[in-house]
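Written below as structure tokens is the structure these notes are about.
Chain A is the first sequence line, chain B the second, and so forth, proteins listed ahead of strands; every chain is numbered from 1. Values below: all heavy atoms of this structure, side chains included; hydrogens, waters and symmetry mates excluded. As the structure is a computational prediction, the values presented were derived from the model and not from experiment.
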Amino acid sequence: MERLEKQFFDIPTLQLATALLGKTFVRILPGNRVLKGRIVETEAYLGEGDEASHAWRGKTDRNRPMFEAPGTLYVYFTYGCHHLVNIVSEPRETAGAVLLRAMEPLEGIWFMEQQRRSASASNLMSGPAKIAQALDINRSHSGSDLFGVEFSLENAPPIPETHIGTSSRIGISRGKELQWRKFVIGSPHLSQGRPS
DNA sequence: AGCGTGATCTTT
DNA sequence: AAGATCACGCTG
């Protein structure tokens, strides 16, 4: 299916979190190896007013990409060992991003298995840091976008509303009351989540 | 259930 | 300059 252009990403963050479900994330490595995954779980993060967001206190060196144009990538490093990948939303100078939390591996599975040593098929990208590891994404990609060679998003039919679940975001201490996690109900590739 | 591991941000 | 926190994954 066709590649999604900038206008696709230019919708409110919460809507984008839903619209991304089912779409195919495409990563092309140096050497033209192609990796693909189907997005099955996302979370929305805003700026001011969303205390769980990196951007709620304003722009810093790290979160700068969150203030860039829709379709930019925001990647950061946390817990001393994990990279997490977000797709930026909202117009320039307004913070917003959608965290990619889980994907169904579609193509390049052999490579992903190499990247993730102890993983069975359904575990390859069933968590936000696993995605970054499987697809070989790190901080150097923060600020890139989905409109070049390395990264893109392929269209796919929308997921029917009845198959989309909603919950609190996972692993945060503030903003728990907001139901800003979206996922494809019944997918075997969802993240395991963290209690409370 | 516990902990690693380091960047980032806030407070002194 | 020091301390707290952290959008997590793995082992036990």
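Bounding nucleotides for the chain A contact on DNA chain B, 5' to 3', at a heavy-atom distance below 4.0 Å, are dG4(B) to dT10(B).
The closest side-chain donor-acceptor pair between Arg101(A) and Thr42(A), if any, does not fall under 3.5 angstrom. Counting only N and O atoms by type, the side chains of Thr13(A) and Glu90(A) include a donor and acceptor under 3.5 Å apart. Donor-acceptor pairing under 3.5 Å is recorded for the side chains of Ser191(A) and Glu41(A). A donor atom on one side chain and an acceptor atom on the other are not found under 3.5 Å apart for Ser168(A) and Glu177(A).
Contact annotation: Arg116(A) reaches the phosphate of dC10(C) (side-chain N/O to OP1 or OP2, under 4.0 Å). Residue Arg101(A) places at least one side-chain N or O under 4.0 Å from the OP1 or OP2 atom of dC8(C).
Closest-nucleotide positions on DNA chain B for Thr60(A) and Cys81(A) were compared, and the one nearer the 5' end corresponds to Cys81(A). Nearest-nucleotide positions on DNA chain C place Ser173(A) closer to the 5' end than the other of Ser173(A) and Lys130(A).
Among the atoms of the strands shown, only primed sugar atoms or phosphate atoms (P, OP1, OP2) are found under 4.0 Å from some heavy atom of Arg139(A). Using a 4.0 Å heavy-atom cutoff across all strands shown, Ala129(A) reaches sugar-phosphate atoms only and no base atom.
Ring geometry for Phe77(A) against His83(A) counts as tilted: the plane angle lies between 30° and 60°, on a 0 to 90° scale. Aromatic ring orientation, His54(A) versus Tyr74(A): perpendicular (interplanar angle above 60°, classes split at 30° and 60°).
Nucleotide dT10(B) has dA2(C) as its partner under the Watson-Crick or G-U criteria, with both atom distances under 3.5 Å. Here dA7(C) sits opposite no nucleotide as a Watson-Crick or G-U wobble pair (both hydrogen-bonding atom distances under 3.5 Å).
Salt bridge status for Asp136(A) with Arg33(A): absent, with no side-chain N to carboxylate O gap under 4.0 Å. At a threshold of 4.0 Å, the pair Lys59(A)-Glu93(A) counts as salt-bridged, since one of the basic side-chain nitrogens sits closer than that to a carboxylate oxygen.
Distance Asn63(A) CG to dC6(C) P: 16 Å, rounded to the nearest Å. Computed from coordinates, the Arg174(A) CZ to dA7(C) P distance equals 9 Å when rounded to whole Å. If you take CZ of Arg57(A) and P of dA7(C), they are 12 Å apart, rounded to a whole angstrom. Atoms CD (Gln115(A)) and P (dG9(C)) sit 15 Å apart, rounded to a whole Å. His54(A) has its NE2 atom 12 Å from the C1' atom of dC8(C), to the nearest Å. One can place OH of Tyr79(A) at 6 Å from C1' of dC8(C), the figure rounded to the nearest angstrom. Atom OH of Tyr76(A) and atom P of dT5(C) are 17 Å apart (whole Å). Rounded to whole Å, the distance from OH on Tyr74(A) to C1' on dC6(C) is 11 Å.
dA7(C) and dA1(B) are spaced 22 Å apart, taking the P atom of each and rounding to whole Å.
Taking CG of Asp61(A) as the start and OG of Ser142(A) as the end, the distance is 11.0 Å to the nearest 0.5 Å.
Hydrophobic cluster membership of Leu14(A), counting Ile, Leu, Val, Met, Phe, Trp and Tyr whose side-chain heavy atoms lie under 4.5 Å apart directly or via other members: Leu46(A), Leu178(A), Trp180(A).
Residues from residues 82-93 of chain A placing a heavy atom under 4.0 Å of any atom in DNA chain B, listed by number, are His82(A).
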